[in-house]
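Predicted model only: the values in this text are computed from it and were never measured.
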Amino acid sequence: FNSQLKDSPQYSKLLGLIHEQLHQFPHNELAFILMCLGRFQEPLYNPLLRDIFLLLQRNMDSLDLDALSYLSVGLRPNWLIHTERDFRMVWRMAMAQSLPRLQHHLLNCTSPEELKQVAICFNRITSIISYRMLDQLADKAMCMIQGGQLDKVDQDHLSTLNKLIVLVKNTDQWHQEHGNYVYTLTSHLIGKTQHMRPNHVINLAEVLLSYGEPA
């Protein structure tokens, strides 16, 4: 389906129209477009994606969490085509400029949804995230857990917890040194696993097998 769509004249026309009116789109919509086009295996050197990235990079200091999370996924998607996997460090380092803005959002986030978006970004750029920022993320997560903000069993709250669990896998060295935080995080899912999506249960199981508790 993707190949049929990309070969159609309507698809090329759509990309051209977006390119012509690039500066009329809000930044979060541009980041979303960049992420979505990646799903159609558009290479990141496509002129449209290149210009979207450059525009967002020039405005990094004002991007909201929606834009940052879309951008982080778009620059390092799970569906990277083989030829671009050789350059994954380039795309990962392209988010380095976002770190001050990302830290600002982390320190000021007040909801599970905002925390999830921060964790999404962290999971995409783990190689350039400092231990200090991981400390700050853990402090924010602990405050929300202790304050009851992550007690619900709806998919929004469970998805936030899942992103934090995935981060345990992706930054294992830091988390091995912060076992109390990992224990609190995983313990918070006791009695909730029947409400979790299968892939979330798998992520949790991998962490539990590595850390050995809670049972």
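With rounding to the nearest 0.5 angstrom, the CD1 atom of Ile33 is 11.5 Å from the NE2 atom of His19. In this structure, CG on Leu107 lies 9.5 Å from CG on Leu102, to the nearest 0.5 angstrom. Going from atom CG of Leu17 over to atom CG of Leu22 covers 12.0 Å, rounded to the nearest 0.5 Å. The NE2 atom of His175 sits 5.0 Å away from atom CG of Leu167, with the distance rounded to the nearest 0.5 Å. If you take CG on Asp64 and NE2 on His105, they are separated by 6.0 Å, rounding to the nearest 0.5 Å. Rounding to the nearest 0.5 Å places CZ of Phe122 at 4.5 Å from CD1 of Ile129.
Judged by distance alone, the side chain of Gln41 and the main-chain N or O of Gly38 form no donor-acceptor pair under 3.5 Å. Within the 3.5 Å criterion, the main-chain N or O of Ile120 finds no donor-acceptor partner in the side chain of Ser69. Between the side chain of Asn123 and the main chain of Lys163, a donor-acceptor pair closer than 3.5 Å is present. In this structure, Thr171 contributes its side chain and Val168 its backbone to no donor-acceptor pair below 3.5 Å. Using a distance-only test at 3.5 Å, with no hydrogens or angles considered, no donor-acceptor pair links the side chain of Gln103 to the main chain of Met133. Between the side chain of Ser210 and the backbone N or O of Glu206 there is no donor-acceptor pair closer than 3.5 Å. The backbone N or O of Cys109 sits less than 3.5 Å from a side-chain atom of Lys140, completing a donor-acceptor pair.
Contact annotation: the side chain of Asp66 never approaches that of Phe32 to less than 4.5 Å [non-hydrogen atoms, C-beta and beyond]. Counting heavy atoms from C-beta on, the side chains of Tyr131 and Gln173 come closer than 4.5 Å. Counting heavy atoms from C-beta on, the side chains of Leu158 and Leu189 come closer than 4.5 Å. In this structure, Leu161 and Leu204 have side chains that are not in contact, with every pair of non-hydrogen atoms separated by 4.5 Å or more. Under the 4.5 Å side-chain criterion, counting only non-hydrogen atoms from C-beta, Tyr211 is in contact with Asp172. Side-chain contact check for Asn162 versus Met196: every heavy-atom pair is 4.5 Å or farther apart.
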(message) Apply side chain to side chain contact (heavy atoms under 4.5 Å, CB included) to residues Leu63 and Asn28 and explain how you reach the verdict.
(response) CA-CA 7 Å; Leu63 296 185; Asn28 61 332; over 6 Å; no

(request) Could you walk me through whether Ile165 and His200 pass side chain to side chain contact (heavy atoms under 4.5 Å, CB included), step by step? (result) CA-CA 9 Å; Ile165 290 292; His200 294 182; over 6 Å; no

(request) For side chain to side chain contact (heavy atoms under 4.5 Å, CB included), just list the numbers for Gln136 and Val118, CA-CA rounded to whole Å, side-chain angles, deciding distance to a tenth of an Å, and then say yes or no. (result) CA-CA 11 Å; Gln136 293 167 340; Val118 171; over 6 Å; no

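Taking each heavy atom of Ala31 and Ala67 in turn, the nearest pair found is CB-O, 3.4 Å. Residues Ser72 and Met95 share a closest heavy-atom pair of CB-CE, 3.8 Å. Closest of all the heavy-atom pairs between Leu48 and Asn46 is N-OD1, 2.7 Å. Here the closest non-hydrogen pair linking Met60 and Gln97 is CG-O, 3.7 Å. Between Val166 and Asn203 the shortest heavy-atom distance is CG2-ND2, 3.5 Å. Of all heavy-atom pairs spanning Leu44 and Gly74, the tightest one is CD2-O, 3.7 Å.
Taking the side chain to side chain donor-acceptor pair (under 3.5 Å) definition, one finds that Arg50 meets it with nothing, sequence neighbours left out. Listed by chain and residue number, Lys116 satisfy the salt bridge (charged side-chain N to carboxylate O under 4.0 Å, His left out) test with Glu113 (two or more places apart in sequence, or in another chain).
Under the 4.5 Å side-chain heavy-atom criterion for grouping Ile, Leu, Val, Met, Phe, Trp and Tyr, Ile202 is not connected to Leu208 through any hydrophobic cluster. Tyr183 and Leu137 fall into different hydrophobic clusters, where Ile, Leu, Val, Met, Phe, Trp and Tyr are joined by side-chain heavy atoms under 4.5 Å apart, directly or via other members. Linking Ile, Leu, Val, Met, Phe, Trp and Tyr whenever their side-chain heavy atoms come within less than 4.5 Å leaves Leu115 and Val153 in two separate clusters.
Screening Leu15, Leu37, Leu75, Leu54 for a side chain to side chain contact (heavy atoms under 4.5 Å, CB included) involving Leu49 leaves a single residue, Leu37. None of Glu29, Met35, His27, Gln117 except one satisfies the side chain to side chain contact (heavy atoms under 4.5 Å, CB included) rule with Tyr70; the exception is Met35.
Within a 6.0 Å radius of CG in Asn108, other residues, nucleotides and ligands contribute more than 12 heavy atoms.
Below 30°, between 30° and 60°, or above 60°: for Trp174 and Tyr181 the angle between ring planes is above 60°, a perpendicular geometry.
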Using atom types as modelled, flag every donor-acceptor pair under 3.5 Å from a side chain in residues 142-152 to any protein atom, sequence neighbours excluded.
| residue | atom | partner | partner atom | Å |
| --- | --- | --- | --- | --- |
| Gln149 | NE2 | Thr110 | O | 2.9 |
| Asp151 | OD1 | His188 | NE2 | 3.2 |

